[in-house]
Amino acid sequence: MQRILQPGEIESLDRVDFPRLRLPEPATLFQERAARLLQLAEGHPIAEYLRFAARLAQAQQRQAARLSAPAAPADEERLRRAREHGMPLWPAREALPPQWCETLRALLADLASAPDHAGVPAALRAELERLAGADDAALGALAQRALGGRLRREDLAGAPIVMAALQVGFANRAAATREREVPADVPPTVCPLCGSEPVASVLRIGGAAGGHRYLHCGLCASEWHLVRVKCSHCESTEGVRYQGAERAEGPVSAQTVLAETCDHCHTYRKLVNQDKDPLAEPLADDLASLTLDLLMAETAYARASANPLLALAEVQAP
Ligand SMILES: [Zn+2]
Ligand SMILES: [Zn+2]
């Protein structure tokens, strides 16, 4: 006899053989993100911004390839602390990757190297020059404000570039981590590797991960599984619903990106559905669906977490 499964039962049905954690592959991550951003830019109202984000992702890919040596593994003390306290292995604000400032300067040099600054919006060029001249201490302070969601108004233009440099370092380190070292009992609402909030979630297709929903870390690009019935912000199993835009922005179906809303914590986070578009990429598709954010701003749901390449909503009141 057929009956309706309760949330707890659905979860136990889910315990078949599929990866709980998908560690990033920096060699392809930034390349695929750049390609997706360029595809999304076609005929898009914010095409110039998406092309710049693609240009940045291409520069990230070149820097990721240059970090040929894998990151140093976690030492015993770090592994023990994470295990005992159920905390992320590399909490972002305490564990900035070594040499991230060099990566940042290399990204800035890459952006400035194209003929006529191709792809870099004119308004941003002075800011990039200012960042290139900043010392390590000033960059470190800016990184702390960006990671802590405490940006000042004057930080806004440079913050996405700083986050881009940190993404390269954190993804490199996540890729070098052995899965068995990742603590299993970190709350599923934050990344088990770096403790950042997910930028979006993604319904994957193909392979063992196919048909499963993963939360995608906006910083290190690790992905971890969470059953769809749960809110990705508060883990409530009640009142999770989906809302979408009526019309597409640019070339991609409006069904590819939906806002998953929760009536318990009154937030939303986007779900990117590869079943609707196999090339969908969580961070890129989140960035390109700003219209959905504008529509959601009219509702009672607040955005759960920001996109690290778009530093707008986090301005602190003066
Ligand atoms: Zn992470
Ligand atoms: Zn919730």
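As the structure lists them, so they are numbered: ligands from 1, and atoms in each ligand from 1.
- Using a 4.0 Å cut-off between charged nitrogen and carboxylate oxygen, Glu77 and Arg80 count as a salt-bridge pair.
- Between the side chains of Ser201 and Arg269, not a single donor N or O lies within less than 3.5 Å of an accepting N or O.
- Excluding waters, the set of protein N/O/S atoms under 2.8 Å from the Zn ion (ligand 2) reads Cys231 SG, Cys234 SG, Cys262 SG, Cys265 SG.
- By the 4.0 Å N-to-carboxylate-O rule, Glu76 lies too far from Arg81 to be salt-bridged with it.
- Salt bridge absent: Asp185 and Arg83 never bring a charged side-chain N and a carboxylate O closer than 4.0 Å.
- Remark: the Gln39 side chain and the Arg36 side chain contain an N/O donor-acceptor pair separated by less than 3.5 Å.
- To the nearest 10 degrees, the Zn ion (ligand 1) sees SG of Cys191 and SG of Cys194 at an angle of 110°.
- Ring planes of Phe18 and His212: parallel class, angle under 30° (limits at 30 and 60°).
- For Cys220 atom SG and Cys217 atom SG, the angle they make at the Zn ion (ligand 1) is roughly 110°, to 10 degrees.
- Between Asp110 and Arg105 there is no salt bridge, since no side-chain nitrogen of the basic residue lies less than 4.0 Å from a carboxylate oxygen of the acidic one.
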